[in-house]
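Only this structure's heavy atoms are used, side chains among them; waters, hydrogens and symmetry mates stay out. One-based numbering, in listed order, for ligands and for the atoms of each. Here, residue 1 is the first one in the sequence, and each next residue gets the next number.
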Amino acid sequence: MHQLKSDAEIGELLHQHGIHPTLQRVLITRLLFARCTHLSAEDVFRLVNTEGRRVSKATVYNTLGLLAEKGVVREVIADPDRIFYDPNTQPHHHFFDVATGQLTDISADQIQVTGLPPLPVGAQLEGVDVIVRLRPTK
Ligand SMILES: [Zn+2]
């Protein structure tokens, strides 16, 4: 996982992905990479505004969508109400605790996926993402 320190490095990362590094995009990207954790759009909205800036919800959502589309971060859809933005774009899997909403990484080598059905004609495998859903034991 990248450990980006300066705004210049973040600007460069955005640039490499074809994104014009506006101040707000740099702010949001820095937040995601500084924490190296999975954040929802709501988390990002809350955190970016505690830094004393005023970034609108629309800007946060649009920026996260753009970062995911361009491959700067990965979108993890744990359920339709819980979309996380993950600065770790290397192949890996996740535990998702349905009670707490906590998403935790599982390294790629800890899960082997076998027995995939034949792929449709004209398609090649892009990747397999596993979300292991957890709930508390009774
Ligand atoms: Zn992850």
In a table with atom names and distances, give each donor-acceptor pair under 3.5 Å that connects a side chain of residues 58-66 to protein atoms at least two apart or in another chain.
residue: Thr59; atom: OG1; partner: Ser56; partner atom: OG; Å: 2.9
residue: Tyr61; atom: OH; partner: Glu42; partner atom: OE2; Å: 3.3
residue: Asn62; atom: ND2; partner: Ala58; partner atom: O; Å: 3.2
residue: Thr63; atom: OG1; partner: Thr59; partner atom: O; Å: 2.7

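Grouping Ile, Leu, Val, Met, Phe, Trp and Tyr by side-chain contacts under 4.5 Å, direct or through others, leaves Val121 on its own.
The side chain to side chain donor-acceptor pair (under 3.5 Å) check on His94 picks up His38, Asp86, His92, Asp105, with sequence neighbours excluded.
The pair Asp7-Arg30 meets the salt-bridge criterion, with a side-chain N (NZ, NE, NH1 or NH2) lying under 4.0 Å from an Asp/Glu carboxylate O.
Any protein N/O/S atom under 2.8 Å from the Zn ion (ligand 1) was counted, giving 5 altogether.
Of the candidates Leu47, Ile10, Val73, Leu32 forms a side-chain contact (heavy atoms from CB on, under 4.5 Å) with just one, namely Val73.
In this structure, Leu31 CG and Tyr85 OH are separated by 14.0 Å, a value rounded to the nearest 0.5 Å.
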